[in-house]
Amino acid sequence: VRDTKEFGARAVYGNELCSSKSYYASFNDDNKQRINKDLSNLKDQQIKRKIGWCTGDQIKVCIDLDNSRVRFYLNNEKVRKTISIQNGKKYFPVLWFRGFCQYELIKYE
């Protein structure tokens, strides 16, 4: 999703178990990068982990379209900083997994 410019404007919080990488990113609809941050080696962050997302983890996404911002949470802990997104665009939530993965969609108020 991060590297697919055909998706247009997008914000991504990603995890690659095979490489133990974690990241977040934001791109405009012309594929101009707003931010692309590797979260794997952050020493001062609570999100630092030995491996990626695990069974029981909860990922929350809060999108503020009025102020063009998105914030990601992992187990109710902020994932770094709020990141900017392109104003005036439509955004669609996507969950993308490989292998035998299961998820539950929980509505937050």
Side-chain angles (χ1 to χ4, degrees):
V1 173
R2 177 181 57 181
D3 299 326
T4 307
K5 66 181 180 181
E6 290 80 10
F7 284 137
R10 62 203 179 279
V12 179
Y13 175 35
N15 172 59
E16 298 173 356
L17 282 176
C18 62
S19 65
S20 298
K21 294 285 184 185
S22 178
Y23 57 86
Y24 70 6
S26 174
F27 299 89
N28 290 342
D29 61 357
D30 64 359
N31 211 40
K32 181 181 177 194
Q33 177 179 298
R34 299 174 81 85
I35 188 169
N36 190 359
K37 182 78 173 170
D38 182 352
L39 305 172
S40 306
N41 297 315
L42 299 175
K43 294 183 170 111
D44 63 339
Q45 293 298 312
Q46 295 175 340
I47 59 168
K48 182 170 173 52
R49 310 177 86 171
K50 292 182 181 177
I51 60 171
W53 306 331
C54 299
T55 301
D57 283 346
Q58 290 186 0
I59 299 164
K60 180 168 76 169
V61 181
C62 295
I63 300 175
D64 179 350
L65 294 175
D66 293 328
N67 294 304
S68 303
R69 304 263 183 224
V70 64
R71 178 175 287 283
F72 299 103
Y73 293 82
L74 177 60
N75 298 324
N76 290 319
E77 297 286 334
K78 295 176 186 175
V79 176
R80 289 279 288 168
K81 301 175 181 179
T82 301
I83 60 176
S84 67
I85 55 176
Q86 188 174 0
N87 189 27
K89 300 296 175 183
K90 290 183 182 180
Y91 291 88
F92 302 92
V94 174
L95 298 174
W96 184 331
F97 294 100
R98 263 194 204 172
F100 184 70
C101 299
Q102 297 178 345
Y103 67 91
E104 176 183 4
L105 186 59
I106 302 170
K107 181 180 178 184
Y108 286 92
E109 298 295 325

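Since this is a predicted model, take the numbers as computed values, not measurements. One is the number of the first residue; the rest follow in order along the sequence.
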Quick one: pull up [atom1] in [X] and [atom2] in [Y] and give me the separation to the nearest 0.5 Å.
X: Asn15; Y: Ile59; atom1: CG; atom2: CD1; result: 7.5 Å
X: Ile85; Y: Asn67; atom1: CD1; atom2: CG; result: 10.0 Å
X: Lys90; Y: Leu65; atom1: NZ; atom2: CG; result: 12.0 Å
X: Ile63; Y: Tyr91; atom1: CD1; atom2: OH; result: 8.5 Å
X: Leu74; Y: Lys60; atom1: CG; atom2: NZ; result: 11.5 Å

Which pair of non-hydrogen atoms, one from Asp29 and one from Lys89, has the smallest distance, and what is that distance?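 Closest approach of Asp29 to Lys89, heavy atoms only: OD2-NZ, 2.7 Å.
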Val12 reachable from Tyr73 in the ILVMFWY side-chain graph, under 4.5 Å edges: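 As far as the 4.5 Å side-chain criterion goes, Val12 and Tyr73 are not connected within one cluster.
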Checking side chain to side chain contact (heavy atoms under 4.5 Å, CB included) between Phe27 and each of Gln33, Lys32, Lys5, which is the one that passes?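 Going through Gln33, Lys32, Lys5 one by one, the side chain to side chain contact (heavy atoms under 4.5 Å, CB included) with Phe27 is satisfied by Gln33 alone.
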Begin with the C-alpha distance, continue with both residues' side-chain angles, and end with the deciding distance and a verdict on side-chain contact (heavy atoms from CB on, under 4.5 Å) for Val61 and Tyr13. CA-CA 9 Å; Val61 181; Tyr13 175 35; over 6 Å; no
Are Ile83 and Phe72 close enough, and set up right, to give a side-chain contact (heavy atoms from CB on, under 4.5 Å), and what steps lead you there? CA-CA 9 Å; Ile83 60 176; Phe72 299 103; 3.9 Å; yes
Test: Arg80 cationic atom under 6.0 Å from Tyr24 six-membered ring centre, within 45° of axis: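 So Arg80 doesn't make the cation-pi contact.
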Any donor-acceptor N/O pair, [X] side chain to [Y] backbone, under 3.5 Å:
X: Asn75; Y: Gln58; value: yes
X: Ser40; Y: Ser22; value: yes
X: Asn28; Y: Asp30; value: no
X: Ser26; Y: Ser84; value: yes

With a 4.5 Å cut-off on side-chain heavy atoms, are Asn36 and Arg2 touching?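 Sidechains of Asn36 and Arg2: in contact.
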Are any non-hydrogen side-chain atoms of Asn31 and Glu6 less than 4.5 angstrom apart?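 No, every pair of side-chain atoms sits at 4.5 Å or beyond.
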